[in-house]
Each structure stands twice: as C-alpha cells, then as structure tokens.
Visitor: 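Take a look at the following structure, please.
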Amino acid sequence: MNNRALIESLRENRELPSQDYKTLLSTITQEERLYLAKMAREVTDRVYGKEIYLRGIIEFTNYCKNDCYYCGLRKSNDSVIRYRMTEKEILAACKMGYAIGMRTFVLQGGEDPTYDKGLLTHIIHTIKSHYPDCAITLSVGEKSKELYQEWFDAGADRFLLRHETATESHYEKLHPSCQTLANRMRCLRDLKDIGYQVGAGIMVGSPYQTIDTIVTDLQFMSDFSPEMIGIGPFIPHEKTPFKNEPIGSFDLTLTILSLVRLIHPHVLLPATTAMDTVRKNGRLEAIQAGCNVIMPNITPPRQRENYKLYNDMAELRSTHSIGIHEINDLLSSSGYQGVTSRGDYKKEIEV
Ligand code: SAH
Ligand code: SF4
C-alpha cells in the first residue's frame with residue numbers, strides 16, 4: 001500500500017499494523033502530511049465541529065521533588081527562583097479566568113508534596129464551591145491512589161499525566177532510576193479506575209526517541225484510550241543534562257497529532273504552547289491537523305516568568321489577557337471558534 005492508502009485505511013479502521021505506522025512515520029512526504037492533516041481535521045469536525053475548547057492553565061508551584069533530565073523545573077536546577085501560589089492567589093487567577101470566559105481550570109505544577117496533606121483538597125473544594133459550572137483538571141504528577149481519590153471526591157474532574165514514553169529502556173534514559181515507567185503506568189490506571197478523564201502523551205523528539213518508540217506510544221495510546229492526549233515537541237532547557245539536544249521536529253509533531261486523531265476520533269487533543277514556541281502560529285497549524293483544545297496561560301506574570309519547563313516559552317512574551325484575545329482573533333479569522341464551555345469528552349458521537 002502507498003502512504004495515501006495507509007492513511008485511508010487508518011481512517012477506516014482506526015489502527016494499522018506496526019510496520020505500517022513505521023512506514024508512514026519514516027517516509028511521509030509534505031504533500032501526504034497535508035492529506036493526513038485534512039483527514040484528521042475532517043474527523044475532528046465530525047465530533048467537535050469548529051469549536052475549540054479553551055482551558056485556563058494556572059502554574060501554581062514550580063517546586064519539584066523529581067529530577068527528569070529534560071525539564072527546567074527539575075530539583076537539581078538551583079538557578080530557578082521557586083514559588084508556591086497561595087489558595088488566595090489561585091482563586092484570584094480563577095476569578096480573572098472566569099471573567100474572560102474560562103470554564104476549565106488546569107492546576108499544573110511540579111511534584112510538590114507541600115500540597116498533598118489537605119491543601120490541594122481544600123483548594124479544589126473552594127474553586128468548585130465558587131465555580132460549580134467549571135471543570136478542574138490537575139497536572140501534578142505521580143501520587144498514591146488514595147490521594148487521587150481524595151482530590152476526585154473534592155471535585156477534580158480530569159488529570160493530565162503524560163506517560164512520556166511507553167518503552168521502558170527509553171523511559172530510563174529520560175529519568176533517574178527512582179522514577180519508573182511502572183509507577184507512571186500504575187498512576188494512569190489508578191486515575192482511570194477512579195473515574196477521572198485522563199490525559200497521557202509524549203514529547204516529540206525527546207532524546208533517544210526512535211520511530212520504534214513512537215510506534216509503541218501510538219499502540220499504547222490506542223489500547224489505553226485516554227480521554228486527552230498531550231503532545232508537543234521536545235525543547236531543550238539550558239540548565240538540564242539535555243541542554244545540547246536538538247529541538248523536536250515540528251512537522252513530525254503535526255504528523256503524530258493527525259495520526260492520534262485518526263486512531264482516536266473523540267480524544268481531546270490540545271494544540272500545545274510548545275508548538276507556538278517552535279513556530280509562529282504553530283498552534284493554529286496543530287488545530288488544522290486535528291487538535292481541538294487550547295490552554296491559555298492565566299498564571300500571574302510574576303510567577304509565570306519562573307515556570308520554565310524549556311527555553312523561551314511563547315506565552316512569556318504576552319500578558320494573559322492579550323493572549324486570550326489574540327487566540328480568539330486568530331481562531332475566528334481561520335474559521336474556528338474559541339468556546340468556553342466545560343468541553344468534556346464526547347464519546348457518544350458517531351463518526
Ligand atoms: N510535574 C507534572 C506536570 C508538569 S510537567 C508532570 O511531570 O506530569 C508537564 C509536561 O511538560 C511533562 O509531562 C513533559 O512532557 C513536558 N515537558 C517537560 N520538559 C519539557 C521540555 N524540555 N520540552 C517539552 N516539553 C517538556
Ligand atoms: Fe518535575 Fe514534571 Fe518537570 Fe519532571 S516534568 S521535573 S515531574 S515538573
């Protein structure tokens with residue numbers, strides 16, 4: 001089969017033999033990539049229409065007890081000015097986000113145990129009592145099942161925990177030995193059992209990634225069937241062991257996003273900020289390739305400037321309110337519409 005036939009087969013069957021994913025990933029031409037993106041966008045339109053869901057992300061702590069080799073917040077990076085937002089500051093960010101239409105708040109941070117003993121539970125309760133019409137997404141790393149349950153009971157709806165890579169030998173090259181793929185996977189299963197809408201995902205072009213590891217990731221995402229999938233290019237951070245590694249390919253990221261959409265027509269697929277960092281209006285191209293979520297940053301600028309997972313975040317160059325207006329203008333001038341509903345997973349729609 002040629003690549004166009006493979007793409008059509010994937011759209012029909014939502015899966016391909018691993019050899020065919022390999023062929024596509026290694027031989028796809030620019031023209032075929034645009035064809036793949038068009039198919040992926042058509043499928044997205046059938047499930048979600050032209051609506052793009054907006055989530056307000058609040059980076060509420062940059063303390064992290066982990067030492068992932070790729071991330072600027074790793075504990076060994078002692079040049080970071082660390083901060084924790086108080087409940088009051090987080091609520092003020094939610095208030096501002098609500099006023100500009102956000103109906104999902106994403107609380108993201110390093111793995112910071114300070115919030116584990118009731119503090120985050122209290123914050124979730126308070127946000128839910130002020131904004132019962134909003135969804136809360138957590139992205140705070142690996143915890144016990146009991147703690148995930150406590151936060152779910154307090155009102156958290158969704159949880160983002162990228163698996164980073166489904167290949168153990170690759171995972172070991174990205175993390176110190178105390179961080180294991182087995183525990184990452186245990187967390188993802190626990191989150192799903194509890195009833196969260198769960199997000200997995202990878203960085204494209206992370207060091208030691210190969211076509212084979214990407215195929216294993218596609219198969220994992222197909223089998224595990226997460227409600228959300230976060231995918232963006234790897235971008236080196238100057239204060240990490242991977243500082244001299246190359247940036248992940250923008251076009252390969254688009255290809256993988258489109259493949260994910262065809263494998264998983266209903267998935268909530270964000271056009272990540274990292275896409276804008278590596279290419280101007282990269283998030284718009286990601287939407288044209290099948291993404292249906294954007295996560296404007298509503299962290300106050302004072303904290304945001306110290307939350308650097310990688311070098312030169314695009315969002316740092318604009319204030320939050322300009323960001324959201326720019327995003328809305330960009331979307332509407334391209335035929336999409338930024339909507340501020342809760343934007344839950346739509347599994348019931350036939351495709
Ligand atoms: N501490 C939490 C959430 C914050 S990190 C966690 O690790 O799950 C969120 C995501 O940022 C990570 O999952 C990783 O995929 C991504 N990330 C970290 N460093 C990056 C880098 N250098 N380039 C691109 N993405 C990165
Ligand atoms: Fe911490 Fe997450 Fe960065 Fe790893 S990726 S160092 S867990 S903030």
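For ligands, and for the atoms within them, numbers begin at 1 and follow the listed sequence. Because the structure is a prediction, the values reported are computed rather than measured. Counting from 1, the numbers follow the sequence of the chain as shown.
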Visitor: Taking the six-membered ring for Trp, are Y70 and H175 ring centroids under 6.0 Å apart?
Guide: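 Here the rings of H175 and Y70 have centres that are less than 6.0 Å from each other.
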Visitor: Which class fits the ring pair Y83 and Y307: parallel under 30°, tilted 30 to 60°, perpendicular over 60°?
Guide: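 Ring orientation, 0 to 90° scale: tilted.
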Visitor: Got the closest protein heavy atom to atom 14 (C) of ligand 1, with its distance?
Guide: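 The closest heavy atom on the protein side is E164 OE2, 3.5 Å.
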Visitor: Does K65 have a heavy atom less than 4.0 Å from any atom of ligand 1?
Guide: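 Under 4.0 Å: no for K65.
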Visitor: Would you say C68 has an N, O or S atom lying under 2.8 Å from atom 4 (Fe) of ligand 2?
Guide: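 Of the N, O and S atoms in C68, at least one lies under 2.8 Å from atom 4 (Fe) of ligand 2, which means yes.
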Visitor: For atom 6 (C) of ligand 1, which of E142, R184, E245 has the closest heavy atom?
Guide: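 Selected option, by shortest heavy-atom distance: R184.
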Visitor: Quick one: sort the Y196 and F159 rings into parallel, tilted or perpendicular, breaks at 30° and 60°.
Guide: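 Aromatic pair Y196/F159 classed perpendicular.
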Visitor: Checking the N or O distance criterion of under 3.5 Å, is ligand 1 in contact with F234?
Guide: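 The answer is no, given that F234 and ligand 1 share no N or O pair closer than 3.5 Å.
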Visitor: Taking atom 2 (Fe) of ligand 2 as the reference point, report whether a protein heavy atom occurs under 4.0 Å from it.
Guide: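 Answer no: nothing from the protein, no heavy atom, is under 4.0 Å.
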Visitor: What do we get for Y69 next to ligand 1 when only non-hydrogen atoms under 4.0 Å count, side chain, backbone, both or neither?
Guide: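 Neither part.
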Visitor: If we count only N and O atoms by modelled type, under 3.5 Å, do the side chains of D133 and Y98 hold a donor and an acceptor together?
Guide: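 Yes, side-chain donor-acceptor contact under 3.5 Å.
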Visitor: Regarding E87 and Y115, is there a side-chain donor-to-acceptor distance under 3.5 Å anywhere?
Guide: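 No, Y115 and E87 have no side-chain donor paired with an acceptor closer than 3.5 Å.
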Visitor: Hey, looking at atom 5 (S) of ligand 2, which of S139, C71, G72 has the closest heavy atom?
Guide: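 Looking at heavy atoms only, the winner is C71.
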Visitor: How far is atom 25 (N) of ligand 1 from the closest protein heavy atom, and which atom is that?
Guide: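 Nearest protein contact, heavy atoms only, for atom 25 (N) of ligand 1 is M203 SD, 3.5 Å.
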Visitor: Determine whether T253 and E285 satisfy the following criterion, side chain to side chain contact (heavy atoms under 4.5 Å, CB included), listing intermediate values before the conclusion.
Guide: CA-CA 11 Å; T253 309; E285 285 191 58; over 6 Å; no
Visitor: Of the side chain and backbone of P233, name the one, both, or neither that has a heavy atom under 4.0 Å from an atom of ligand 1.
Guide: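 Within the 4.0 Å criterion, P233 contacts ligand 1 through backbone atoms alone.
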Visitor: Of the listed options (L138, V204, L73, I235), which comes nearest to atom 23 (N) of ligand 1 when hydrogens are ignored and any heavy atom counts?
Guide: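 Minimum heavy-atom distance to atom 23 (N) of ligand 1 goes to I235.
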